[in-house]
Amino acid sequence: MKENKTVRKVSILGSNDFTGIRLESPMNYSAGTLGVKQALKHSFKEMGILRSMRALLEMNQEDGFDCPSCAWPNPENPSKIAEYCENGAKALADEATTKHIDRDFFKTYSVEQLSRLTDYQLNQFGRITEPLVLRPNSVHYEAITWEGAYELITDYLHRLQSPDEAIFYTSGRSSNEAAYLYGMFARAFGTNNMPDCSNMCHESSGAALSETLGIGKGSVKLEDLYEAEVVIVAGQNPGTNHPRMLSALEKCKQNGGKVVSINPLEETGLVNFKNPQKIKGLLGQGEDMADIHLPVKINEDIPLIKLILKKLALLDAVSDSVFDHAFIAKYVDGYEALMQDLEKYDAQKLLDQCGVEEKKVDAVVRLLAERSKIVVCWAMGLTQHKNGVENIREFVNLLLLKGAIGKANAGTCPVRGHSNVQGDRSVGIMHYVSKTLNERIEKHLGFIPPNKEGVDTVGAMKAMYEGAAKVFICLGGNFLMAASDTEYTAEAIQQCDLTVQISTKLNRTHLVTGRTALILPTYGRSEKDMKDGTIRYLTMEDSMGRVRQSRGLLKPASDDIKSEPELIAELAHTYFKGNHPVDWKAMGEDYELIRASIDKVAKGFMNTTERSKGIGYYLPNNVRELDFSMLPNGKAQLTMNSLPDHQLAKNEYLLMTIRSHDQFNTTVYGLDDRYRGVYNERRVLFMNTRDMKSQDLEKLDVVNIQSNYDNTIRIAKRFLVIPYKIPKGNLAAYFPETNVLVPYNHYADKSKTPISKSIRVRIEKVTD
C-alpha cells in the first residue's frame with residue numbers, strides 16, 4: 001500500500017454494518033399506484049408538499065427544467081400533469097431538499113467521523129450552502145470566501161511544473177454551457193486531461209458505434225420506438241434505471257410490436273408495467289412487457305447473437321429474404337467475411353455457452369426473420385466487460401444484416417445514464433485530441449489548445465497514484481465511489497496536493513481528499529438562476545441527440561452558492577487575471593455568449609438560442625442520413641468478434657454490479673429494492689440456489705467476496721446471501737459497495753471501461 005501524503009484517518013469504504021434486512025418475493029409489476037405513492041412520499045419528506053408539487057409539475061415540461069436523473073428524452077408532446085417517473089421524482093427531491101449544512105455542521109463533524117458513515121447516511125445531511133476548505137493537517141472543513149477559493153486554486157495551478165499535473169473531471173449532470181466552459185478552460189490552461197463519467201459507462205458504445213457506423217451516438221429518436229416491430233433490450237434494467245422508457249415500450253406493444261429482453265436477471269420493469277398515467281395502469285393489470293426473456297449468462301451475449309445470426313443465415317439461404325441484401329450491397333462492408341466467420345462456430349457450443357434454452361432462441365429467430373423494423377437498446381450490461389466494444393459490434397451486425405439502420409422505427413439505442421453525459425462530449429469534454437475541434441478553438445477563441453492526448457478515468461487514477469498529477473478538480477460527481485478499485489482510487493486521490501469538488505451535496509469524495517480540499521457548492525437543475533432580474537437558462541442534450549432548454553424555478557438553497565457556468569468563468573478569469581483572448585467573466589454573466597461560442601466551436605450546434613426552445617432540435621447524425629462516407633469504402637462495417645473466455649477456476653463465479661431501485665448512480669435514496677424484494681439492506685449477494693448448495697450456504701449467511709487479479713487480493717466484506725433466479729455460476733451485488741473488487745487495470749479493450757459487470761470472484765463464508 002502506498003504511503004499517503006494526507007494524515008487523516010478516514011474510512012474509505014464507510015460502515016459495513018447490517019441495517020436489518022427484510023425479504024419478500026420480487027414484484028411482478030413496476031410503477032403503478034405504489035410507484036406514485038413512493039415518489040410522492042419521498043418528495044414530500046424532502047421538499048414539503050407545496051414545493052414538491054410546484055417543481056414536479058414543471059419537470060420535463062417545455063418551459064420547465066430537465067430531470068436531474070437519467071438522459072431518457074422527453075416526448076414531443078409531454079404530459080401536462082406528470083412527465084416524470086419515480087426515479088426522477090426522487091432525484092428532484094434529493095437535489096431540492098430543504099435540509100442544509102454549512103460551516104457549523106463541519107465544526108461539529110470531522111471528516112474522519114463522517115467517513116465512518118454509509119453513503120446513504122452522508123447523502124441524508126442535505127445541501128451544502130457555502131464554499132468550504134479543508135486545510136492541510138486539519139480534519140474539519142471551514143468556510144472560505146469565493147474569492148479566496150478561486151485564489152487558492154489559482155495558486156496551486158500556477159505552482160505546477162506542467163499543465164498535465166492537473167486533471168479536470170466531469171460528471172454527466174452538468175449543462176452544455178458549464179461543460180463547454182470547463183473544457184475550454186482546461187485547454188486554455190494547457191491540458192487535455194479531461195476524464196469524464198462516460199469513460200466508466202458508455203465509452204464502449206462510443207468506440208463500437210464510431211468504428212461501425214461513423215458516430216458514437218445512437219441512431220433512433222424516441223418516436224421510432226413507438227412503431228418498431230421488435231425492440232431488443234439487452235443488458236439494461238429500464239424499470240429501475242430509465243423508467244420513462246417503459247411508456248415508450250408500452251406504445252410499441254400496443255402498436256403490435258414485440259419486446260425481447262436479454263439479461264441474466266429477469267427485471268420487474270420488463271415483466272409488467274402499470275402506467276400511472278392511465279386507468280389501466282392504476283386500476284388494471286398493466287401491460288405485459290417482454291414477450292421473450294433470454295436469461296443469458298453474464299457476458300455471453302456474443303455467443304447468443306452469433307447463434308441467432310447462424311440460424312437466420314440458414315433461413316436466408318432458403319428464402320434469400322431474411323437478410324436485406326439490397327441494403328447490404330449498397331451500404332454495408334464485410335458481408336462475405338462475416339458469413340464465413342459464422343461458419344467456424346458450432347451451434348451447440350454457442351447454445352451451451354450462452355446458457356439460454358434453444359426454444360427461446362428459436363422464438364427470437366422467428367421474430368427477427370419476419371421483421372425488419374428492429375431497435376436494439378442497451379446499457380452497462382453490454383459495455384462494462386473486457387469485450388464490451390465487441391458486444392455492441394455484434395448487435396450492430398444483426399441490425400446491419402436486417403437493414404435495420406437509418407430508417408424509421410429501427411436502429412441503435414444506447415441508453416445513457418446521467419442526464420447530460422452525451423452533451424458533455426458533444427461540447428468538447430474529451431481526453432483525446434480532435435484536430436478539427438482544435439482548429440475551431442484557435443479560430444474562434446483565439447488561443448492554441450494542446451495537441452497531446454490527456455488521461456481518461458483510468459489514466460487519471462494512475463497519474464494521481466503515481467504522483468504525476470497533483471491537482472484534481474471535479475465538476476460534479478462522486479469520483480471515489482463511481483470509479484473502479486475503490487481502495488486504489490482513494491490512495492490515488494490522497495496523493496494530490498489539492499482536490500476540488502463542485503457539488504450540491506456531501507459525498508465520500510469530499511472526505512477522502514488531497515492535502516488541501518475545497519467544496520464549491522452549486523445550483524441544482526431545479527433552482528432559479530437569476531442575473532440582474534432575468535432568469536437564465538441552460539441547455540442539455542438527451543440520450544437521442546436532442547438539445548433543449550432547461551429553466552429552474554425554485555429558490556436556490558443559499559445566497560452563497562453559484563451556478564456552474566458562473567463559477568467556472570470566475571475561476572478562469574481569476575487564473576488569467578483578465579488577460580486572455582476569451583472574456584471568461586462576460587461569459588459567466590451572459591450565457592448567450594456561451595451558446596454563441598458553442599455554435600461556432602462545437603460540431604453540429606447552430607443557432608442554439610432559438611432552436612433549443614420548446615422541444616429543441618437534433619444534432620446532425622450521419623446514420624439517420626445513411627451517410628457512411630467517413631468509414632472504409634464509404635460503408636457501414638460488419639465485424640468479426642471473438643467469444644468471451646473468462647477461464648473460471650473451480651469455485652470461481654462471475655459477479656456483476658447492479659443498482660437497487662432506491663438509487664441513481666452512486667446516490668442512494670433509500671435502503672429498499674422492492675422490485676427484487678429486498679428491504680432495509682444493501683450489503684446483499686444474489687446467488688443461484690444450486691451454487692449456494694455447492695458452497696454449503698444458507699439464506700442470509702454472511703460472506704466475504706474476493707477477487708484476485710494479477711496476484712492482488714481485493715475483498716468486499718460482509719454480504720448477506722440471498723437465493724435468487726440468476727444463471728448458475730453468476731452473482732450480482734449492488735454498486736458502489738462492490739466496486740472495491742474491480743481492478744483498476746482491467747477494462748474493456750479500446751474503451752477502457754471497467755469490467756464491473758464480469759468480475760471473477762470467490763466466496764468465503766464468515767463464521768464469527
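- Within 6.0 Å of the CE atom in Met606, the count of heavy atoms belonging to other residues, nucleotides or ligands does not exceed 12.
- Every salt bridge (Lys or Arg N to Asp or Glu O under 4.0 Å) that Lys386 has, sequence neighbours left out, goes to Asp749.
- In the displayed structure, Asp63 atom CG is contacted under 6.0 Å by at most 12 heavy atoms of other residues, nucleotides or ligands.
- To the nearest 0.5 Å, atoms CG (Asp316) and CG (Leu312) are separated by 8.5 Å.
- For the pair Lys635 and Phe628, the cation-pi criterion (under 6.0 Å, within 45° of the ring axis) is not fulfilled.
- A cation-pi arrangement is absent between Arg525 and Phe65 under the rule of less than 6.0 angstrom and at most 45 degrees off the ring axis.
- The salt bridge (charged side-chain N to carboxylate O under 4.0 Å, His left out) with Asp291 is formed by just one residue from the set Lys360, Lys253, Arg366; it is Lys253.
- To the nearest 0.5 Å, the span separating CD1 on Ile615 from CD on Glu76 amounts to 4.0 Å.
- In terms of heavy atoms, Ala410 sits closest to Asp224 at N-CB, 4.5 Å.
- Side-chain contact check for Asp288 and Asn272: at least one donor-acceptor pair (N or O, by modelled atom type) lies under 3.5 Å.
- Looking at heavy atoms from C-beta onward, Met289 lies out of side-chain contact with Val271 at the 4.5 angstrom threshold.
- For the residue pair His661 / Thr240, a side-chain donor-acceptor distance below 3.5 Å is found, with atom types taken as modelled.
- Distance check, rounded to the nearest 0.5 Å: OG of Ser612 to CG of Leu538 gives 10.5 Å.
- Looking at Asn641 and Glu394, their side chains do bring a donor and an acceptor atom within 3.5 Å of each other.
- Annotation: the span from Arg624 atom CZ to Ile215 atom CD1 amounts to 7.5 Å, rounded to 0.5 Å.
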Please tabulate, for side-chain N and O atoms in residues 395-404, each donor-acceptor pair with protein atoms closer than 3.5 Å (sequence neighbours left out).
from	atom 1	to	atom 2	distance (Å)
Asn397	OD1	Thr639	N	3.0
Asn397	ND2	Thr639	O	2.8
Lys402	NZ	Val322	O	2.8
Lys402	NZ	Leu368	O	2.7
Lys402	NZ	Arg371	O	3.2

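- Proximity of a side-chain donor or acceptor of Arg659 to a complementary backbone N or O of Gln663 within less than 3.5 Å is not detected.
- The existence of a salt bridge linking Lys306 and Asp341 is confirmed by a sub-4.0 Å separation between a basic side-chain nitrogen and an acidic carboxylate oxygen.
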Practice problem: Test Lys311 against Glu358 for salt bridge (charged side-chain N to carboxylate O under 4.0 Å, His left out), laying out the working first. | Solution: CA-CA 11 Å; Lys311 289 176 176 284; Glu358 188 166 20; 2.9 Å; yes
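- The shortest non-hydrogen separation linking Leu209 to Thr412 is CD2-CG2, 4.0 Å.
- Partner of Arg244 under the salt bridge (charged side-chain N to carboxylate O under 4.0 Å, His left out) criterion, out of Glu250, Glu86, Glu83: Glu83 alone.
- Partner of Glu541 under the salt bridge (charged side-chain N to carboxylate O under 4.0 Å, His left out) criterion, chosen from Arg548, Lys217, Arg425: Lys217.
- Under the side chain to side chain donor-acceptor pair (under 3.5 Å) criterion, Ser642 pairs with no residue, sequence neighbours left out.
- The line from CZ of Arg393 to OG of Ser204 is 11.0 Å long, rounded to the nearest 0.5 Å.
- Atom NZ of residue Lys258 and atom CG of residue Leu249 lie 14.0 Å apart, to the nearest 0.5 angstrom.
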